[in-house]
There are 2 protein chains.
Amino acid sequence: MAKANVPQISDAEWEVMKLVWGRGPLVAADVVESLAAQNRWSPRTVKTLLNRLVRKGALGYQVVGRHYVYRAQVTRDACVRRESSSFLSRVFNGSAAPALVHFLEHEYLSPEEIERMRSILDGAREQEGRP
Amino acid sequence: MAKANVPQISDAEWEVMKLVWGRGPLVAADVVESLAAQNRWSPRTVKTLLNRLVRKGALGYQVVGRHYVYRAQVTRDACVRRESSSFLSRVFNGSAAPALVHFLEHEYLSPEEIERMRSILDGAREQEGRP
DNA sequence: GTCTATCGACCACAAGTGTAATCGAAAGGG
DNA sequence: CCCTTTCGATTACACTTGTGGTCGATAGAC
């Protein structure tokens with residue numbers, strides 16, 4: 001076993017988590033600075049999001065001087081997995097293939113992305129049959 | 001242009017919509033019957049969901065005798081598109097390719113599905129560059 | 001014709017979300 | 001040392017969502 005207690009992370013909270021995953025431990029001010037600009041959120045809003053993420057167990061913090069340094073307590077991969085499986089089961093009854101078909105038909109992948117996907121599939125074909 | 005006002009559809013509401021899309025116009029009792037068994041929902045709960053979907057514009061109804069016959073007002077495809085793009089942007093910053101990688105790594109597509117994806121990609125490659 | 005079982009309309013209520021504002025302590029400027 | 005700025009804690013508030021209950025009309029059962 002491994003995951004299990006990955007909390008639910010809302011839309012706005014994902015923005016915060018992506019930042020923390022991407023840039024490592026951050027103090028609130030850094031998060032505010034990045035997100036306020038990008039999403040036009042008030043600093044208060046960002047603080048609230050940080051708080052909720054801590055309460056949910058998605059973030060932890062260390063007190064350094066009079067600042068909090070936030071760091072992720074759950075891996076990005078675990079969260080992605082949770083979201084993906086919820087998305088797939090809600091929309092595609094749990095199967096990934098129809099989802100991919102849909103992406104191909106509607107999300108307008110660039111030729112480069114299509115080539116990239118082909119090579120990913122080539123790789124996958126060679127090791128089919130793992131657990 | 002085309003879509004735009006596809007309403008947000010919640011998890012529980014998706015169950016209702018999938019039923020209506022799959023089986024065509026239904027009276028409330030049919031929906032209740034299918035979903036109460038499957039999801040252990042009270043009939044009231046199902047009624048509430050139907051109501052909310054009507055209010056959102058996702059379902060419409062015709063009064064037939066003293067029953068309502070519900071039918072979809074939005075296509076499944078439009079809703080799938082909305083969900084997909086929200087999912088992709090929330091979790092993968094909007095690109096489908098990383099989503100594919102994730103599905104391949106974790107959702108265990110069958111070899112047949114992988115082959116199917118390949119042939120779809122072959123098709124996609126040939127007509128790359130439409131809107 | 002009257003009584004009851006149904007149907008849809010409207011109400012409830014707690015948890016989660018988006019979006020903040022207020023408050024009290026503490027730290028740094030002068 | 002005092003005042004202001006800053007930080008985190010606490011509070012707010014409307015909307016959505018999951019989950020269901022109440023109520024008045026009405027169509028059938030007798």
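Computed from a prediction, not measured in an experiment: that's the story for all the values here. Side chains included, hydrogens not; waters and symmetry mates left out as well; all remaining heavy atoms used. Per chain, numbering begins at 1; letters A, B, ... match sequence-line order.
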List every contact pair, protein side and nucleotides 19-21 of chain D side both N or O, where the distance is under 3.5 Å.
unit_1	atom_1	unit_2	atom_2	d
D:dT19	OP2	B:Trp41	NE1	3.3
D:dT19	O4	B:Arg52	NH2	3.1
D:dG20	OP2	B:Ser42	N	3.4
D:dG20	OP2	B:Thr45	OG1	3.3
D:dG20	N7	B:Thr48	OG1	3.2
D:dG20	O6	B:Thr48	OG1	2.5

Practice problem: Nearest whole angstrom, please: distance from the C1' of C:dT19 to the CG of A:Leu53. | Solution: 15 Å
Practice problem: Applying side chain to side chain contact (heavy atoms under 4.5 Å, CB included), name anything that partners A:Val54, two or more places apart in sequence or on another chain. | Solution: A:Leu59, A:Tyr61, A:Tyr70
Practice problem: Report which part of the nucleic acid A:Ala29 touches: base, sugar-phosphate, or nothing (heavy-atom distance under 4.0 Å, all strands). | Solution: nothing
Quiz item: Taking the inter-plane angle between the rings of B:Phe92 and B:His102 on a 0 to 90° scale, is it parallel (under 30°), tilted (30 to 60°) or perpendicular (over 60°)?
Solution: tilted
List every contact pair, protein side and nucleotides 27-30 of chain D side both N or O, where the distance is under 3.5 Å.
unit_1	atom_1	unit_2	atom_2	d
D:dA27	O4'	B:Arg66	NE	3.4

Quiz item: For the pair made of CD in A:Gln8 and P in D:dT16, what is the distance, rounded to whole Å?
Solution: 18 Å
Quiz prompt | Expected output: side-chain A:Arg76 to main-chain A:Trp21 donor-acceptor under 3.5 Å | solution = no
Quiz item: If you measure from CE on B:Met117 to CG on A:Leu104, what distance do you get to the nearest 0.5 Å?
Solution: 5.0 Å
Quiz item: Are side-chain heavy atoms of B:Ser95 and A:Glu113 found at a separation under 4.5 Å?
Solution: yes
Quiz item: Once you round it to whole Å, what is the distance between P of D:dG18 and CG of B:Leu35?
Solution: 13 Å
Quiz prompt | B:Cys79 side chain reached by B:Trp14 side chain, heavy atoms, under 4.5 Å | solution = yes
Quiz item: In terms of hydrophobic clusters joined by side-chain contacts under 4.5 Å, are B:Leu88 and B:Ile120 together?
Solution: yes
Quiz item: Among all residues two or more places apart in sequence or in another chain, which pass the side chain to side chain contact (heavy atoms under 4.5 Å, CB included) test with A:Ser10?
Solution: A:Ala12, A:Glu13
Exercise. Specify the residues of residues 56-65 of chain B, ordered by number, for which at least one heavy atom lies under 4.0 angstrom from an atom of DNA chain C.
Key: none
Quiz item: Quick one: on DNA chain C, does A:Ser10 or B:Tyr70 contact a more 5' nucleotide (nearest heavy atom)?
Solution: B:Tyr70
Exercise. Round to a whole Å and report the spacing from CG of B:Leu50 to P of D:dG18.
Key: 14 Å
Quiz item: Are A:Asp122 and A:Arg118 within salt-bridge range, i.e. N to O under 4.0 Å?
Solution: no
Practice problem: Grab the CG-P distance between A:Asn39 and C:dG18 for me, whole Å please. | Solution: 11 Å
Exercise. Run the salt-bridge test on A:Glu15 and A:Lys18 with the 4.0 Å N-O cut-off and return the result as yes or no.
Key: yes
Quiz item: Between A:Asp11 and B:His67, who's closer to the 5' end of DNA chain C by nearest nucleotide?
Solution: B:His67
Quiz item: Are A:Val31 and A:Val64 grouped together when hydrophobic residues (ILVMFWY) are joined by side-chain heavy atoms under 4.5 angstrom apart?
Solution: no
Practice problem: Whole angstrom is fine here: how far is it from CG in B:Leu26 over to C1' in C:dC7? | Solution: 17 Å
Would you be so kind as to tabulate the donor-acceptor pairs closer than 3.5 Å made by side chains of residues 43-51 of chain A, with sequence neighbours excluded?
unit_1	atom_1	unit_2	atom_2	d
A:Thr48	OG1	A:Arg44	O	3.0

Quiz prompt | Distance in angstrom units between B:Glu15 CD and D:dT17 C1', rounded | solution = 14 Å
Quiz item: For B:Arg55 and D:dC15, what is the distance between atoms CZ and P respectively, to the nearest whole Å?
Solution: 12 Å
Quiz item: Would you say A:Asn51 reaches D:dT10's phosphate, i.e. side-chain N/O to OP1/OP2 under 4.0 Å?
Solution: no
